[in-house]
S.K.: 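My questions will all concern the structure given below.
Counting convention: from 1, in listed order, for ligands and their atoms alike.
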Amino acid sequence: MTQNYRITLLPGDGIGPEIIAVAVDVLKVAGKKFDLQFEFTKALIGGAAIDAAGEPLPANTLDTCRQSDSVLLAAIGGYKWDSLPSNMRPEAGLLGLRAGLDLFANLRPAKILPQLIDSSTLKPEVVEGVDIMVVRELTGGIYFGKPKGVFTTETEEKRGVNTMVYTESEIDRIGKVAFETAQKRGGRLCSVDKANVLEVSQLWRDRITKVGGEYPDVELSHLYVDNAAMQLVRTPKQFDTIVTGNLFGDILSDAAAMLTGSIGMLPSASLGASGPGVYEPVHGSAPDIAGQDKANPLAQVLSAAMMLRYGLNQPEAAKHIEEGVLQVLEQGYRTGDIMSANMNILGCKAMGEVLIQTLETI
Ligand code: IPM
Ligand code: MG
């Protein structure tokens, strides 16, 4: 029987529309093979929404997302909107979407593909076999803590404030997701904090340790964030699953991504306790190459595969797409960001086309 799914597409800005078009084509092809029917609805977010509707997350975008089974997002932001006040910037749309759908758990895998080992800036022996999952808390911490803002003091000096805050329940729920993720992977979880300085991190460490009591099969360790950043580039293979707060996770997931050679290859999933998740590439909107057919659509395609696996419970279709991506790389096709000697360079559209041809043959 055909399964029907309602998917909200949020192309956003920059290279967003180009890469999401490839992912949609790929989903349609996979849908044929696995008897899945997708009903796609496009909605506005980020700079595109600011231009068309005067705000980065119009209410009907959030409604459309809530009514769908899953949300596929490309990327937001660009130079054009950089000087707007922070609550009107494209980024505010993304944060509003995360908060509005209560997507507290962000899964960011960083796995090195053997075909791309030479694209990493680190030595092959350091990155070979790297397979890390960063579980980032996404709706709390310093991104959302109050007070926040730029205030004027009694002496007429400006004072900028953000607050890093976590409650026990916020830590516990991300902790559970992280332990369960580690259980399905290598069984090791490293919690990253700054408990030598920050009280909020001391609470974080206590609660994660407590939650760990319920997962005796997972080996828990703790690192301070500065050390974790260093260890990630020194011996990344020591990590299996990492759990951390919003800000540290933002930073460490970019570093972990780059171990694999290109941030242009990495997908992510943002999940709540229930309701639709948001699936998006880890990379940004790359305004410098927007509209030039140079973008790498594979992180977006792999985000669609994550959507099939985690959001729609279609692991076979997800595997099929992932296998197609590997085969395309195996055949020597590359976009500019992952180009190396003797490979065939393709634009965004052409990469989509060879991927679809490949998917039709496997
Ligand atoms: C990310 C991005 C966002 C973040 C920005 C665009 C708001 O860097 O998803 O990692 O900081 O979370
Ligand atoms: Mg980031």
S.K.: Under 4.0 Å between a side-chain nitrogen and a carboxylate oxygen: does that hold for K123 and E125?
M.R.: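 No, this pair does not count.
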S.K.: For the pair D51 and K80, find out whether any cationic side-chain nitrogen is under 4.0 Å from an anionic carboxylate oxygen.
M.R.: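 Result for this pair is yes, salt bridge flagged.
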S.K.: I'd like to know if K210 pairs up with D172 as an ion pair, taking the criterion as any Lys NZ or Arg NE/NH1/NH2 lying under 4.0 Å from an Asp or Glu carboxylate oxygen.
M.R.: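 Salt bridge between K210 and D172, a charged N being under 4.0 Å from a carboxylate O: no.
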S.K.: Is M265 close to L113 at the side-chain level, that is, under 4.5 Å between some pair of heavy atoms?
M.R.: yes
S.K.: Could D337 and K294 be called an ion pair, given the rule that one side-chain N must be under 4.0 Å from one carboxylate O?
M.R.: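 K294 and D337: not salt-bridged.
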S.K.: At the 4.0 Å heavy-atom cut-off, does H283 count as touching ligand 1?
M.R.: no
S.K.: Give the residue, atom name and distance (to 0.1 Å) of the protein heavy atom nearest atom 1 (C) of ligand 1.
M.R.: R108 NH2, 3.3 Å
S.K.: Check this for me: does any side-chain nitrogen of one of R309 and E322 sit under 4.0 Å from a carboxylate oxygen of the other?
M.R.: yes
S.K.: At the 4.0 Å heavy-atom cut-off, does E280 count as touching ligand 1?
M.R.: no
S.K.: Hey, which protein N/O/S atoms does the Mg ion (ligand 2) have under 2.8 Å?
M.R.: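 Short answer, with waters excluded from the count: D250 OD1.
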S.K.: List ligand 1 atoms under 4.0 Å from R98, heavy atoms only on the residue side.
M.R.: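 Those atoms are 1 (C), 4 (C), 9 (O), 12 (O).
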S.K.: Show your working on side chain to side chain contact (heavy atoms under 4.5 Å, CB included) between V127 and T260 and close with a plain yes or no.
M.R.: CA-CA 7 Å; V127 291; T260 68; over 6 Å; no
S.K.: Check each heavy atom of R89 against ligand 1 and say whether those closer than 4.0 Å belong to the side chain, the backbone, both or neither.
M.R.: neither
S.K.: Hey, are K349 and D293 close enough for a salt bridge, meaning a charged N less than 4.0 Å from a carboxylate O?
M.R.: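 No salt bridge links K349 with D293.
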S.K.: Which protein non-hydrogen atom lies closest to atom 11 (O) of ligand 1, naming both residue and atom, and how far is it?
M.R.: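 Residue, atom and distance for the closest contact: Y143 OH, 2.5 Å.
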S.K.: Write out the residue and atom name of the closest protein heavy atom to atom 7 (C) of ligand 1, then the distance separating them to 0.1 Å.
M.R.: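 Ranked first by proximity to atom 7 (C) of ligand 1 is E91 CG, 3.7 Å.
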S.K.: With the side chain counted from C-beta on, respond yes when W204 and I174 share a heavy-atom pair under 4.5 Å apart, and no when they do not.
M.R.: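 Side chain of W204 against side chain of I174, heavy atoms only: contact under 4.5 Å found.
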S.K.: Give me the nearest non-hydrogen protein atom to atom 2 (C) of ligand 1 as residue plus atom name, then the distance to 0.1 Å.
M.R.: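 The closest one turns out to be D250 OD1, 4.0 Å.
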S.K.: Give the numbers and elements of all ligand 1 atoms closer than 4.0 Å to a heavy atom of R136.
M.R.: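 What qualifies from ligand 1 is 1 (C), 4 (C), 9 (O), 10 (O), 11 (O), 12 (O).
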S.K.: So do L298 and L355 actually touch side chain to side chain, heavy atoms under 4.5 Å?
M.R.: yes
